[in-house]
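This chain uses plain numbering: 1 for the first residue, then up along the sequence. Model, not experiment: these values are computed from the prediction.
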Amino acid sequence: MRFVDGKLDPAAAYFLIACGDAFFFTMVMSVSILFQTTEAGLGPFQLLLVGAALQGAILVSEVPTGIVADTYSRRLSVLLGLVLLGGGSIVSGLTPDFWPIVLGTVILGIGRTFISGALQAWIADEVGVEAANGVYLRSAQLTMFFWVAAIPASFGLAALAETNLPILIGGVWLIALAVFIAPIMSEAGFKRPERGEAMQGFRELGQTLSTSRRLVVARPLLLTMFTITAFYGIAGQGFERLWVAHFYESVGLPTRWDIDDVVWFGAIRMAAAVLGVITLSVVRRAYAARMTSHTVVSRALFRITTVQMLAILCLAVAGEFALAAAAYCVIFAFSFAYDPFHLAWINQNVDSSVRATVISMDSQTDALGRTLGGPVIGVVGSLMSLRMALALAGFALLPALLFYFKAFGQGSKEPIAETDSAST
């Protein structure tokens with residue numbers, strides 16, 4: 001690692017933060033649902049409430065924390081985010097009680113918003129936009145490795161000791177990462193705005209909300225996209241929060257070999273991660289030359305969503321471990337393919353002048369769907385059964401599929417621009 005005037009080279013600092021975040025946060029999240037289901041004994045409704053608390057915290061704090069990063073310091077925002085991520089993880093894993101888990105999850109969600117966007121903006125300030133693009137690409141490759149490596153590490157610790165140990169260790173190391181990087185992380189490129197300019201962030205927030213409303217009114221395709229995203233968020237929240245409980249209570253784990261339950265869950269997650277990487281590679285190669293076509297990408301998303309819906313329904317009714325595990329792996333793997341296609345779909349249909357606004361709106365819509373729809377699925381799981389709750393999560397994708405048919409005919413030759421919204 002190269003140091004200049006006592007500060008670590010910005011690219012090296014970026015890789016260190018991104019890879020450390022990927023590894024230690026994955027350690028935390030890999031076993032968090034397992035801990036909440038098995039050790040804390042949370043029911044379906046409580047599990048979905050915890051998920052709603054996470055998404056709600058992200059939804060509410062996304063814009064204010066972004067203003068902090070743009071107004072005061074991006075370096076400070078990243079460091080504060082790491083501390084909150086670590087602290088929230090420790091609080092959520094310290095005791096198997098519902099309210100500490102909720103509190104820790106909220107802190108964790110706020111911490112994530114402090115890092116989101118701020119780290120990318122920081123490196124662009126430090127090395128320039130052109131050089132930052134190369135850093136982003138290299139970082140994506142490195143973080144994928146650390147993300148995958150954290151899964152067996154997390155489940156291995158949980159199997160050898162206590163289920164909450166990876167959560168606590170991951171939290172401590174996230175805080176340690178912030179403490180270690182703080183004195184050697186530079187911030188030479190960021191220029192703090194004057195007092196009058198600092199209020200510009202709040203004025204821009206109002207302008208963004210106004211622009212967002214006009215964009216949705218001007219182009220029906222955007223409303224269709226956001227509706228699909230909302231239903232996708234509802235389905236994803238139900239699946240992600242209930243799959244562990246479903247395997248425990250409805251499907252059952254193999255008993256033929258003397259293997260700890262934690263190891264089985266680790267094996268499932270690892271298999272799903274590997275399949276996800278392979279699926280993404282294959283799909284990207286198949287569609288690489290056609291990612292600018294609205295028709296091609298929207299129909300690819302329709303197929304991906306259809307496979308996921310059928311796989312969730314298969315998981316819901318599966319009575320055998322092998323079938324349920326295979327269904328889980330398919331759902332997880334195709335979610336890898338969904339994200340880049342969905343982002344490409346947005347990018348090809350909006351102009352650069354409003355692209356950041358539309359992507360932010362889409363992210364907020366996903367969080368809103370998860371926050372409002374998740375608890376409903378949880379109620380079904382508590383009052384009826386986990387199978388019914390997962391089936392409801394699967395059928396939540398059916399309206400999304402119907403809206404894809406509407407979207408097929410809404411693509412335009414020209415991307416959506418801010419001028420379109422201003423004319424309404």
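In terms of modelled atom types and a separation under 3.5 Å, the side chain of T143 and the main chain of C19 share no donor-acceptor contact. Between the side chain of D97 and the backbone N or O of W99, no donor-acceptor pair lies under 3.5 Å. S154 contributes no side-chain N or O that, together with a main-chain N or O of I151, makes up a donor-acceptor pair within less than 3.5 Å. A donor-acceptor pair is defined here as one N or O able to donate and one able to accept, closer than 3.5 Å; no such pair exists between the side chain of T37 and the backbone of L34. Without hydrogens or angle criteria, H342 side chain to L301 main chain gives no donor-acceptor distance under 3.5 Å. Formation of a donor-acceptor pair under 3.5 Å by the S77 side chain with backbone atoms of S73 is not found in this model. Under a 3.5 Å cut-off, the side chain of K406 and the backbone N or O of L221 do not form any donor-acceptor pair. Under the 3.5 Å distance criterion, the side-chain polar atoms of S250 are left unmatched by any main-chain donor or acceptor of R387. Side-chain N or O atoms of T113 include one that pairs as donor or acceptor with a backbone N or O of I110 at under 3.5 Å. Under the 3.5 Å distance criterion, the side-chain polar atoms of R75 are matched with a main-chain donor or acceptor of A182.
Shown here for Q120 and I123, the closest heavy-atom pair between the two residues is O-CG2, 3.2 Å. Summarising the geometry of C314 relative to L323, their closest heavy-atom pair is SG-CD1, 3.7 Å, with the distance given to 0.1 Å. Contact record, G394 with L313: CA-CD2, 4.2 Å, taken as the closest heavy-atom pair. What you find for L386 and E249 is that their closest heavy atoms are CD1-OE1, 3.5 Å. V251 and A318 make their closest contact through CG2-O, 3.8 Å (heavy atoms, listed as atom of the first residue, atom of the second, distance). Of all heavy-atom pairs between L79 and A178, the closest is CD2-O, 3.7 Å.
Q237 and R370 share a donor-acceptor pair across their side chains, judged by distance under 3.5 Å alone. Side-chain N/O atoms of E126 and Y14 include no donor and acceptor closer than 3.5 Å. For the residue pair D362/T229, the side-chain donor-acceptor check at 3.5 Å is satisfied.
Between L315 atom CG and H246 atom NE2 the span is 4.5 Å, to the nearest 0.5 Å. Between L390 atom CG and S385 atom OG the span is 9.0 Å, to the nearest 0.5 Å. To the nearest 0.5 angstrom, F334 atom CZ is 13.5 Å from M309 atom CE. Expressed to the nearest 0.5 Å, how far CD1 of I115 lies from CG of D21 amounts to 5.0 Å. From S89, atom OG reaches atom CZ of F24 across 12.0 Å, with rounding to the nearest 0.5 Å. Taking OG of S32 as the reference point, atom CE of M27 lies at 12.0 Å (rounded to 0.5 Å).
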Q: Go through L108 and L84 one step at a time and tell me if the side-chain contact (heavy atoms from CB on, under 4.5 Å) criterion holds.
A: CA-CA 6 Å; L108 185 150; L84 289 174; over 6 Å; no

Q: Any chance you could lay out the side-chain contact (heavy atoms from CB on, under 4.5 Å) test for F98 and L49, step after step, and finish with the verdict?
A: CA-CA 10 Å; F98 176 68; L49 276 183; 4.2 Å; yes

(Q) I17 vs M185, test: side-chain contact (heavy atoms from CB on, under 4.5 Å). Steps then yes/no. (A) CA-CA 10 Å; I17 295 169; M185 183 180 181; 3.9 Å; yes

Q.
Please evaluate residues T26 and M29 with respect to the criterion side-chain contact (heavy atoms from CB on, under 4.5 Å), reporting the C-alpha separation (whole Å), side-chain torsions for both, the decisive distance (0.1 Å), and the verdict.
A. CA-CA 5 Å; T26 301; M29 298 307 293; 5.9 Å; no

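More than 12 heavy atoms of other residues, nucleotides or ligands shown are found within 6.0 angstrom of CE on M270. Surrounding CZ of F321 are more than 12 heavy atoms belonging to other residues, nucleotides or ligands, all under 6.0 Å away.
Note that R303 lies outside the cation-pi zone of Y404, set by a 6.0 Å cut-off to the ring centre and a 45° limit from the axis. With a 6.0 Å cutoff to the six-membered ring centre and a 45° limit on the axis angle, R269 does not count as a cation-pi contact of F155.
In this structure, W147 and F332 have parallel ring planes: the angle between them is below the 30° cut-off, well short of the 60° mark. The aromatic rings of F403 and F231 lie parallel to each other, their planes meeting at an angle below 30°, with 60° marking the opposite boundary. Using cut-offs of 30° and 60° for the angle between ring planes, the Y232 and Y338 rings count as parallel.
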Solution key, residues 158-177 side-chain donor-acceptor pairs under 3.5 Å, sequence neighbours excluded:
unit_1	atom_1	unit_2	atom_2	d
T163	OG1	E39	OE2	3.4
N164	ND2	G93	O	2.9

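Within the 4.5 Å cutoff, the side chain of L397 has heavy atoms near those of the I312 side chain. Side-chain contact between L242 and L48: present, with at least one pair of heavy atoms (C-beta onward) separated by less than 4.5 Å. Side-chain atoms of Q308 and F239, non-hydrogen and from C-beta on, never get closer than 4.5 Å to each other. When side chains are defined from C-beta on, L54 does not count as touching V106, because their heavy atoms never get closer than 4.5 Å. For the pair F341 and I304, the minimum side-chain heavy-atom distance is below 4.5 Å. V31 places none of its side-chain heavy atoms less than 4.5 Å from the side chain of F265. Using a 4.5 Å heavy-atom cutoff, the side chains of W243 and I331 are not in contact. In this structure the side chain of I181 reaches within 4.5 angstrom of the side chain of L8, judged on heavy atoms.
Note: F247 and W264 fail the aromatic proximity criterion, with ring centroids not under 6.0 Å apart.
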